[in-house]
Amino acid sequence: MGKWKKRIVRRILLAAGAVCLFWVLIGWKIPIFWHMETLRLPEGCKTVYHTKIRISDVYWLHTKGEKVIKCDRGYEAAKAYIEEYNSKTALEYIQIYPYEGMSDLAIYDSQFDEKFWQQPDRENYITISYLQKW
């Protein structure tokens, strides 16, 4: 095998290794992030806490993604809007619930969020959660 062929093979192996390393570290998060960020939300909703994604094995192996939004419509109206204006495929693995209370699976936990408890409009904070069990 010639010198140039060895260089090409080495470069291909390095590129394949880099792609595998990228996928293992953060690449697997991209489809979940895209799934959550492309949901149609009511007008005027603001993201309070951006999307975070984790793999956990608290009770079972699962992938968890979460973001918190603030919507002036309130929880019920925002949930109804999201469920009406997004397809069943877009809502697969998605749960929508108020940003209150405590959960052992939560990424953003309102129990320890001092800023949240000082807000007069706490009923407008909504958690959009992605949960896929393996």
Side-chain angles (χ1 to χ4, degrees):
M1 193 184 295
K3 242 184 191 179
W4 61 275
K5 285 185 180 181
K6 286 182 183 180
R7 279 191 215 157
I8 291 174
V9 169
R10 186 178 312 133
R11 287 182 181 169
I12 290 172
L13 290 175
L14 285 173
V19 167
C20 288
L21 183 62
F22 172 78
W23 182 258
V24 167
L25 294 177
I26 61 170
W28 60 272
K29 294 180 180 184
I30 293 171
I32 299 166
F33 182 83
W34 185 261
H35 188 93
M36 291 184 71
E37 291 297 320
T38 56
L39 286 174
R40 294 187 66 200
L41 302 175
E43 215 171 289
C45 285
K46 295 181 277 186
T47 300
V48 178
Y49 299 122
H50 293 281
T51 304
K52 284 188 179 179
I53 302 165
R54 297 184 181 156
I55 290 180
S56 180
D57 62 352
V58 174
Y59 296 116
W60 56 83
L61 185 62
H62 64 276
T63 307
K64 173 81 171 171
E66 204 169 88
K67 77 187 274 179
V68 178
I69 62 171
K70 181 180 178 186
C71 188
D72 294 334
R73 295 180 179 209
Y75 164 70
E76 293 293 334
K79 181 178 179 181
Y81 181 94
I82 292 168
E83 289 174 347
E84 181 179 346
Y85 289 99
N86 289 283
S87 68
K88 287 186 181 192
T89 305
L91 293 173
E92 190 174 21
Y93 307 117
I94 297 289
Q95 293 100 27
I96 303 161
Y97 49 89
Y99 178 63
E100 295 177 346
M102 188 178 86
S103 168
D104 54 353
L105 296 176
I107 294 173
Y108 292 115
D109 195 348
S110 66
Q111 179 184 8
F112 303 108
D113 189 352
E114 293 294 325
K115 229 166 52 171
F116 168 72
W117 292 107
Q118 295 170 2
Q119 300 297 323
D121 55 352
R122 290 190 300 262
E123 68 278 354
N124 293 339
Y125 286 73
I126 301 157
T127 301
I128 298 175
S129 175
Y130 174 97
L131 179 66
Q132 183 177 10
K133 301 174 188 175
W134 297 99

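Heavy atoms only, all atoms of each residue included: Cys45 and Cys71 are closest at SG-SG, 2.8 Å. Heavy-atom minimum distance, His62 versus Lys133: CB-CA, 4.0 Å. Nearest heavy atom pair, residue Asn86 against residue Thr38, reads OD1-O, 4.5 Å.
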May I have the list of side-chain donor-acceptor pairs in residues 26-36 shorter than 3.5 Å, sequence neighbours left out?
| residue | atom | partner | partner atom | Å |
| --- | --- | --- | --- | --- |
| Trp28 | NE1 | Val24 | O | 3.3 |
| His35 | NE2 | Ala90 | O | 2.9 |
| His35 | NE2 | Glu92 | O | 3.0 |

Would you list the atom pairs, donor with acceptor, under 3.5 Å between side chains in residues 123-131 and any protein atom, with sequence neighbours excluded?
| residue | atom | partner | partner atom | Å |
| --- | --- | --- | --- | --- |
| Ser129 | OG | Lys64 | NZ | 2.6 |
| Tyr130 | OH | Gln132 | OE1 | 2.8 |

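Counting only heavy atoms from C-beta outward, the side chains of Thr47 and His50 approach each other to under 4.5 Å. Side-chain contact between Ile69 and Val48 is absent, with no heavy atoms from C-beta onward closer than 4.5 Å. Put simply, the side chain of Leu91 does not reach to within 4.5 Å of the side chain of Thr89, judged on heavy atoms.
Applying the ring pair (Phe, Tyr, Trp, His ring centres under 6.0 Å) test to every pair with at least one member in residues 4-27, sequence neighbours left out, gives no pairs at all. Applying the salt bridge (Lys or Arg N to Asp or Glu O under 4.0 Å) test to residues at least two apart or on different chains, none of the pairs has a partner in residues 40-52.
Residues forming a ring-ring contact (aromatic ring centres under 6.0 Å, His included) with Tyr49 (at least two apart in sequence, or on another chain): Tyr108. Taking the ring-ring contact (aromatic ring centres under 6.0 Å, His included) definition, one finds that Tyr81 meets it with Tyr85, sequence neighbours left out.
Clustering ILVMFWY residues whenever any of their side-chain heavy atoms sit less than 4.5 angstrom apart, transitively, puts Val19 in a cluster other than the one holding Leu21.
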